[in-house]
Amino acid sequence: MKGSRRRAGSADSQAAPPAPAPPVAPDLTPADLRAAAEDIRREFPLVATRSALVLFDVDPNQVQAQWQITDAALASAIGAFPAGASQVRPLLRLRRIADDGSSRELAALAQPATAGGLDGVARLRVAEPGGELEAELGLASGEGGWLLLARSNRVRLPLAPQPPGLAPVAATPAITGLGKAAPGQAAVASPAAEKAVGAGGTATGAAASPGEGQPGEPMPESDSRPPSPTTAEPADDAEVEPALAATGPPLAPEFPLCWSDPAVAGRYLRLIAQSSPTEAGPVAPPLSDLDAPWSEPVAAPPTSSDPGAWAELPPPMLPSSAAGVAAEPRPPYAPGAALSSVDLHARDLSADIEIHAELHLWGRAGPGSLVAVFGRPIRVGPDGRFSVRLALRDPEVLAQALAKGEPPGPGGE
Amino acid sequence: MNPAGHLALVLHAHLPYVRHPEQPRPLEEHWLFEAITGCYLPLYRVLREAAERGSRSRITLSLSPTLIAMLADPLLGARYRDYLGRLRHLCEREADRPVDEGRRALARYYRERVESVSALYQEELDGDLIAAFAGLAAAGTLELMTTAATHGYLPLLRSEPAAVRAQLRVARDAFAEVFGFAPRGLWLPECGYYPGLEVDVLAAGYRWVVLDTHALEQGEPRPRAGVYAPSEAAGLAVFGRDRRSAQEVWSRDQGYPGHPLYREYHRDLGFEADAQRLGDFLPPGVTAAPTGIKYHRVTGGEGPKQPYDALAALGQAGRDAASFVVRRRRHLAELAGQVGAPILVAPYDAELFGHWWYEGPAFLAAVIRAIDAAPDIQAVGLGEHLARSGVAGELRPAASSWGEAGHNATWLRPETGWACLELHQAAAELKDRIRRSSGEAADPWTHRVLRQAARSLMLAQSSDWTFHLGRGGGAQYAEARLRDQLARFRFLTTAVERGPREERRVSALEAMDNLFARLDLKHFA
């Protein structure tokens, strides 16, 4: 059994203040919430309240400057020029800052003059990668006058060039409706997906879509997906059948959430076979030559490691692990959580301590047999060995273990 | 026999915060429900089966704080139960339709699947997926980590360093509050990294991150072990993504999910059936949206899509899994002698498995079984590997992400620049306000309102919104969400001065954006 003890309020602690949870608002109906959201949206549109210029690095060779200058700041700056100043115009400058603090102008871009506030965006390519860059936005006059409106943050461009030959693995939205095509599957233009849809079912008017397009629009081809990914080749499967066979029982019963009753799978299979006479089955694409056959035979699946190996294992990264324990004590997730921990704060102990534990069991039995460990079935491996890790959740056991130890001294673990 | 090397399967589970209590049946919440049905519950069942079998494999699972908050939310739990009921009725209607028996059989299969999902979620897990994952972690099958609080893309937040610190520390606090221990691993949103980030990550208590391949390959000095051993960046362990295992899944040309036998994601009953057939499954006013009921397979070629054959697809998943493991074993064998304790780090979006790629959980199940069967490879958690093998050497990683072109261009485009600027402005304003208020006498109202302003700001910082701006599908909602959160932030900063007369509207925002209950304002200053 491994344990860990922590002291509340240690130096590393970033404990949150003892603030209560946001007050529940039982008197607010969904309509009230909706009204509040709409009021706020209407009353607080995005308008420039503070002048700012921000510089971002796009990649090792490009930066993007984005700015907004308030009406008042712009008017004040224009008013600061002499009455006879000519051709007063906004100017964006990009500078490289040397290590000694000196700077060198890399680019100067005139921006359209505006009567009111000033906002805009510019992308600038930097021929020489690396170094620290800074942007300035100001007003310049024909006489050479210059008045700074905003200075950006500094950005250090990476030295490395674009990764050569790196096939992009496009970021993929997590879920439908934030959607691009599924990996390996194009956003197919289903005629059905082009049906008109309603006026939107949410406050925001958004509706989930099957791919790039909004419902009711033809779905465009993904910019990062294959035009015809359905030609994808399968992995080299003929050579690895032994490996598959070695993984144990057929997969179908293992398919999550499907056919827990094998009879269901069998019935389905029969129905498919009977009712899809036109289904010619898949056309097997050519085998990939990526892999040579794996010559080494795959061992039969052991369900345990050598018991001796457990001793060499580092502590698992669990709540019960010293390495995995928080800097500051937190209450374990309470409702139904199976954490191998118990909160002992309420006990009459001299220190504010919690303890976590797990149990490692291993042993031998008839190969292939089932062993019940605390009611959990464990299948014995073909080598006759089994092992299992279990959370230890008996508060009394943990409390006894804690009581036998010396309480930590001030500042000690 | 000691394994020749390790494989770290890292699944990153994240959804943006799409909770809308102000709407009776918001369609966006279906994204969460689809993910629970198609991905999280199947993944849980796969991993539980592995644990019960005594598997020695361990998977790393990153849970984003926004997803954790939604999975633990009672309102969303109740709405998910309602969703399951409507989906079951839809499946029943489909199963009773007088169509060909093959399609009806598939409809019955979907009905049974929904019933199985319902039983697992409601009866076995009592609606508590967080506890379920915590249990798997306690059993040693899972190693849990987290990501930035609202999945803010950190390279584009660093113009205001307090914003980065807050994303890291609020995430740590939120995770610890739920799971009872602080996360040691941090999934950097979109693998976004810039030099210097490691300082803030370490200061927030994390000990390792995963970077894209070129972050290590182009780092200084170039690591001798490449991405096949973690390096150390100023004390932070950095793992590099294995390119081969990534491409085998994600490749547009040869990725597993594109096999003709697999279920076609883009053909869904929700886009094929009329309103009468869909019944009450979709929210009022919505006539087309995914249902998860799909009758076709990828098929391949240019012809019409063929009927889906689940058992044939399952067989393919098994073959692909075996191939995947064989290739990893072969790769590790190649590395033997070059790298002392090689590790292949294979991170994927968790939602790929089951949502995008329907057979993905079956693939994972077979991968785990095949790895358990192999004597020369072991599936380990990242922290587990680090504890066993340590780091290979010092490294200054290169700026990088796993977006297109490997840097920031996916999230920083001319059409998204305004959002980056607004987020910068808001973060700076919040920092200033917190610093000003901290010197004053205790003011519960200011404290309360600024905490809600911090929530609004963080929700606006989600990388999901800037990813979708100007990209078609999802862009409208993304922009609305972003603008709404920025408007709420502005309102809240004014509410500080307006005082308790804004109590009602502040309470409304607290009820709508109710995550991070113990948010600590110190992180934002």
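With a threshold of 4.5 angstrom between heavy atoms, B/P195 does not approach chain A through any atom at all. For A/R123, the part sitting under 4.5 Å from any heavy atom of chain B is the side chain, from C-beta outward, and nothing else. Interface remark: B/Q425 contributes backbone and side-chain atoms alike to the contact with chain A (heavy atom separation under 4.5 Å). If you measure heavy-atom distances from A/Q68 to chain B, the contacts under 4.5 Å come from both the backbone and the side chain. Using a 4.5 Å cut-off between heavy atoms, B/L509 contacts chain A through its side chain alone, with no backbone atom that close. Interface remark: B/E248 contributes no atoms to any contact with chain A (heavy atom separation under 4.5 Å).
For the residue pair B/L412 and A/F56, the shortest heavy atom distance occurs at CD2-CB, 3.2 Å. Across all their heavy atoms, A/A37 and B/R488 have their closest contact at CB-NH2, 3.7 Å. Shown here for B/H424 and A/V54, the closest heavy-atom pair between the two residues is CD2-CG2, 3.3 Å. When all heavy atoms are compared, the tightest approach of B/M512 to A/L33 is CE-O, 3.6 Å. Contact record, B/D484 with A/R41: OD1-NE, 2.5 Å, taken as the closest heavy-atom pair.
Side-chain contact between A/L28 and B/R504 is present, with at least one heavy-atom pair separated by less than 4.5 Å. Counting only heavy atoms from C-beta outward, the side chains of A/L46 and B/R483 approach each other to under 4.5 Å. At a threshold of 4.5 Å between non-hydrogen side-chain atoms, the residues B/L421 and A/D119 do not count as touching. Under the 4.5 Å side-chain criterion, counting only non-hydrogen atoms from C-beta, B/P24 is in contact with A/R34.
The distance from the CG atom of A/D57 to the OG atom of B/S159 is 10.5 Å, given to the nearest 0.5 Å.
In terms of non-hydrogen atom pairs under 4.5 Å with chain B, the most contact-rich of A/L55, A/N153, A/V58 is A/V58. When A/Q62, A/R156, A/Q64, A/E43 are compared by the number of non-hydrogen pairs under 4.5 Å with chain B, A/Q64 comes out ahead.
The backbone N or O of A/A36 lies less than 3.5 Å from no partner atom in the side chain of B/R505, so there is not a single donor-acceptor pair.
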